Participant: 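Can you keep this structure in mind? I'll have questions shortly.
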Amino acid sequence: MVISLDIQRAFDHLQYNSIRNSLDEITFSFYIIDILKDILNDMKVTIQSAQGPVSWSQQQGCAQGSCTGPIFCNLEENEIISEEWQPNVHLQAFADNFIFVISEPTGEKPKATAQAASRNSNTGLTSTNSRYLQKNSQPSSSAD
């Protein structure tokens with residue numbers, strides 16, 4: 001069984017503090033990490049109001065079309081990908097897309113495995129997608 005998930009508005013909800021923490025945890029060139037962190041500093045949103053321009057600090061989200069969106073999403077997804085999944089559950093992710101491949105015979109077993117994989121996750125993916133898995137796991141799906 002293959003379950004494909006597209007997380008809606010994922011780029012809009014990326015938290016800058018979480019991204020900074022993820023950058024601190026990876027082993028990579030200090031200069032590149034510093035550049036990526038600088039992108040997140042002093043981000044402001046400004047709109048024109050009847051009283052003139054109004055600005056506030058931005059603490060989450062990536063600009064539409066920004067090349068940093070997928071990079072920052074992938075950093076956050078590392079936590080999900082690095083979890084220990086059941087041997088018959090394989091996960092692939094890029095940006096806001098996840099694919100679970102579950103190798104089980106047809107019947108109720110794939111659905112149970114998908115739901116167990118979702119419950120075992122300690123990430124934000126769990127609450128959102130356990131509902132998805134419950135609604136969309138079909139017992140008649142083909143294996144492999």
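The structure presented is a predicted model; accordingly, all values stated were derived computationally and were not measured. Side chains included, hydrogens not; waters and symmetry mates left out as well; all remaining heavy atoms used.
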Participant: For Q58, enumerate each residue passing the side chain to side chain donor-acceptor pair (under 3.5 Å) test, keeping only those at least two apart in sequence or located in another chain.
Facilitator: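 Listed in chain order: Y16.
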Participant: Please name all residues satisfying side chain to side chain donor-acceptor pair (under 3.5 Å) with N17, sequence neighbours left out, ordered by chain then number.
Facilitator: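 Here the qualifying residues are R20.
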Participant: As a quick check of understanding, evaluate side-chain contact (heavy atoms from CB on, under 4.5 Å) for V2 and I99, giving each step before the final call.
Facilitator: CA-CA 7 Å; V2 173; I99 295 177; 3.7 Å; yes
Participant: Going by the rule side chain to side chain donor-acceptor pair (under 3.5 Å), which residues pair with D12 if we only count those two or more places apart in sequence or in a different chain?
Facilitator: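 Listed in chain order: R9.
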Participant: Quick one: CG on L23 to CG on D34, what's the gap to the nearest 0.5 Å?
Facilitator: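 Rounded to the nearest 0.5 Å, the CG-CG separation comes out at 10.0 Å.
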Participant: Could you check if a side-chain atom of F100 sits within less than 4.5 angstrom of a side-chain atom of W85, using non-hydrogen atoms only?
Facilitator: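 They are in contact (side-chain heavy atoms under 4.5 Å apart), so the answer is yes.
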Participant: Find the distance between CD1 (I19) and CG (L75) and round it off to the nearest 0.5 Å.
Facilitator: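 Separation between the atoms: 7.5 Å.
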Participant: What pairs meet the salt bridge (charged side-chain N to carboxylate O under 4.0 Å, His left out) rule with one or both residues in residues 48-76, with sequence neighbours excluded?
Facilitator: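 Listed by first then second residue: nothing to list.
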Participant: Below 3.5 Å, can you tabulate the donor-acceptor pairs from side chains in residues 35-50 to any protein atom, sequence neighbours excluded?
Facilitator:
unit_1: K37; atom_1: NZ; unit_2: D24; atom_2: OD1; d: 2.3
unit_1: T46; atom_1: OG1; unit_2: S55; atom_2: OG; d: 2.7
unit_1: S49; atom_1: OG; unit_2: Q51; atom_2: N; d: 3.2
unit_1: S49; atom_1: OG; unit_2: G52; atom_2: N; d: 3.4
unit_1: S49; atom_1: OG; unit_2: G52; atom_2: O; d: 2.6

Participant: Answer yes if I102 and L5 sit in the same cluster of Ile, Leu, Val, Met, Phe, Trp and Tyr residues linked by side chain heavy atoms under 4.5 Å apart, and no otherwise.
Facilitator: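 Same cluster: I102 reaches L5 through Ile, Leu, Val, Met, Phe, Trp or Tyr contacts under 4.5 Å.
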Participant: Are Y31 and F28 connected into the same hydrophobic cluster when the rule is that any two of I, L, V, M, F, W, Y join if their side-chain heavy atoms are below 4.5 Å apart?
Facilitator: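 Different clusters.
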Participant: So, using side chain to side chain contact (heavy atoms under 4.5 Å, CB included) as the criterion, who are the partners of Q15 when residues are at least two apart?
Facilitator: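 For Q15 the side chain to side chain contact (heavy atoms under 4.5 Å, CB included) partners, ignoring immediate neighbours, are S18, Q60.
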Participant: Got F94 and C73 here, is their nearest side-chain heavy-atom distance under 4.5 Å?
Facilitator: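 Not in contact.
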Participant: From F11 CZ over to T68 OG1, what is the distance, rounded to the nearest 0.5 angstrom?
Facilitator: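 Going from the CZ atom of F11 to the OG1 atom of T68 covers 9.0 Å.
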Participant: Can you confirm whether F98 sits close enough to I3 that some side-chain heavy atom of one is under 4.5 Å from a side-chain heavy atom of the other?
Facilitator: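 No, too far: nothing below the 4.5 Å cut-off.
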Participant: What heavy-atom pair brings G69 and C62 nearest, and what distance separates the two atoms?
Facilitator: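 Heavy-atom minimum between the residues: CA-SG, 3.9 Å.
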